[in-house]
Amino acid sequence: MACGLKALIFDVDGTLVESEELHRQAFNAAFARFHLPWRWDPHLYKALLRITGGKERLRHYIHRHHPPGVPEDMEGLVQALHREKTRLFTEAVLEGRLPFRPGVLRLFDEARSRGLKLALATTTSLENLDPIFQKNLGRDWQQWFAAIGAGDVVPRKKPAPDIYLYVLKRLGLPPEAAMAVEDSPNGLEAARAAGLPALITVSAYTRDAFPFLPRGAVAVLSDLGEPGRPFALLHGEAGGQGYVDVPLLCHWHHRALTNTLERRRSS
Ligand code: XBP
Ligand code: MG
């Protein structure tokens with residue numbers, strides 16, 4: 001089958017790496033450095049993850065939970081806390097291990113060998129990317145990606161489509177030539193609003209976020225799978241396969257485009 005898929009656009013946190021637990025710990029370590037009696041436990045952090053962007057999340061937490069110790073210059077505190085959190089997060093990534101999730105490197109390799117472009121569309125701060133990808137792809141990691149969109153490079157973060165539109169523009173591709181790979185409802189909404197079909201691989205914090213196959217998703221999986229270590233198919237169909245490869249992505253992409261055309265015809 002001729003495949004109309006020209007690019008794969010990956011989210012980062014939760015999709016390529018299981019990083020949100022490390023983000024949570026970095027936030028708490030920054031609170032301690034600033035002598036603030038704040039603590040985000042996993043339950044609270046899961047709720048706060050509905051707000052994308054670390055600075056936006058901090059502002060939301062302050063407005064919603066009225067924690068003690070907020071000075072007159074709240075924005076100054078948010079900026080300073082987030083700088084410290086980012087320093088602590090990047091330090092932790094460089095010192096520790098934050099491996100790619102199952103199937104990521106295998107799919108990167110296969111997609112590149114078949115001439116598909118790879119790109120990143122993430123809410124996370126640009127500074128977080130270097131340690132994550134250096135550890136997994138080496139010093140020249142940026143050469144793997146035809147376009148990178150991260151954090152504050154756009155005015156509105158996910159679920160707004162801005163970051164996907166930014167990346168598509170840099171790829172020089174229309175949305176129907178690409179597919180997004182995401183882990184969260186905000187990410188799916190951003191991709192859908194930009195006109196891209198999305199494959200969902202749930203993460204530790206989004207495991208129960210998709211009780212059914214959501215509109216705009218081609219399937220919901222536990223991860224990308226590996227030959228001999230199949231993914232769990234949570235929603236949708238995967239043609240009986242147990243790991244995501246380019247032919248399966250082409251199958252989903254073709255079906256998504258056909259469904260879109262049929263919806264347009266019937267409306
Ligand atoms: C996930 C986010 C980010 C991270 C924290 O981004 O929403 O805010 O939680 O990173 P994505 P920052 O899933 O789009 O990769 O503190 O740098 O925002
Ligand atoms: Mg994510």
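Just follow the structure's listing: the first ligand is 1, and inside any ligand the first atom is 1.
For E182, every N, O or S atom stays at 2.8 Å or more from the Mg ion (ligand 2). For the Mg ion (ligand 2), the N/O/S atoms of D13 include one lying under 2.8 Å.
A single hydrophobic cluster is seen to contain both V93 and L126, as judged by linkage of ILVMFWY side chains at heavy-atom distances under 4.5 Å, directly or through other members.
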- Task: Determine, step by step, whether K46 and E20 satisfy the salt bridge (Lys or Arg N to Asp or Glu O under 4.0 Å) criterion, reporting the C-alpha distance in whole Å, the side-chain angles of both residues, the deciding distance to 0.1 Å, and the verdict.
- Result: CA-CA 9 Å; K46 183 174 177 179; E20 286 297 355; over 6 Å; no

- Message: Does E262 form a salt bridge (Lys or Arg N to Asp or Glu O under 4.0 Å) with R265? I'd like the steps, not just the answer.
- Response: CA-CA 5 Å; E262 279 165 7; R265 274 197 209 108; 5.5 Å; no

- Between T124 and D13, does a side-chain hydrogen bond (donor to acceptor under 3.5 Å, both in side chains) hold up when you go through it step by step? CA-CA 7 Å; T124 206; D13 289 309; 3.0 Å; yes

- For salt bridge (Lys or Arg N to Asp or Glu O under 4.0 Å), just list the numbers for R24 and D41, CA-CA rounded to whole Å, side-chain angles, deciding distance to a tenth of an Å, and then say yes or no. CA-CA 8 Å; R24 183 184 74 86; D41 63 26; over 6 Å; no

- Query: Are Y205 and E21 close enough, and set up right, to give a side-chain hydrogen bond (donor to acceptor under 3.5 Å, both in side chains), and what steps lead you there?
  - Reply: CA-CA 9 Å; Y205 277 102; E21 187 50 18; 2.6 Å; yes

- Task: Mind running ring pair (Phe, Tyr, Trp, His ring centres under 6.0 Å) on F31 and W40 for me, showing each step along the way?
- Result: CA-CA 10 Å; F31 301 154; W40 291 355; 5.0 Å; yes

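Of the protein's non-hydrogen atoms, S125 OG, 2.6 Å is the one closest to atom 17 (O) of ligand 1. T122 OG1, 2.6 Å is the protein heavy atom nearest to atom 15 (O) of ligand 1. For atom 8 (O) of ligand 1, the nearest non-hydrogen atom of the protein is G53 N, 3.0 Å.
At least one heavy atom of H82 sits less than 4.0 Å from an atom of ligand 1. Contact annotation: R57 has at least one heavy atom less than 4.0 Å from an atom of ligand 1. At least one heavy atom of Y45 sits under 4.0 Å from some atom of ligand 1. In this structure, K85 has a heavy atom closer than 4.0 Å to ligand 1. Contact annotation: G14 has no heavy atom less than 4.0 Å from any atom of ligand 1. Residue contacts with ligand 1: D11 is included, with a non-hydrogen atom under 4.0 Å away.
Atom CZ of R50 is surrounded by 12 or fewer heavy atoms from other residues, nucleotides or ligands within 6.0 Å. Within a 6.0 Å radius of CZ in R39, other residues, nucleotides and ligands contribute more than 12 heavy atoms.
Geometry note: the Mg ion (ligand 2) is the vertex, D11 OD2 and D183 OD1 are the arms, and the angle is 80° (rounded to 10 degrees).
Here the shortest heavy-atom distance to atom 9 (O) of ligand 1, taken over E20, R24, R50, E182, belongs to E20. Of the candidates G151, A121, G54, the one placing a heavy atom closest to atom 18 (O) of ligand 1 is G54.
Ring to ring, F108 and F145 are close: their centroids are under 6.0 angstrom apart. Aromatic rings of H235 and F212 (six-membered ring for Trp) have centroids beyond the 6.0 Å cut-off, not under it. Taking the six-membered ring for Trp, W144 and F133 have ring centres at least 6.0 Å apart.
Ligand 1 has an N or O atom lying under 3.5 Å from an N or O atom of T124, backbone or side chain.
With a heavy-atom cut-off of 4.0 Å, N128 touches ligand 1 through its side chain alone. At a heavy-atom distance under 4.0 Å, no atom of K55 approaches ligand 1. With a 4.0 Å cut-off on non-hydrogen atoms, K157 does not touch ligand 1 at all.
Atom numbering of ligand 1 starts at 1 in the shown order; those under 4.0 Å from a heavy atom of K158 are 14 (O). Against a heavy-atom cut-off of under 4.0 Å, V12 is close to the following atoms of ligand 1: 15 (O).
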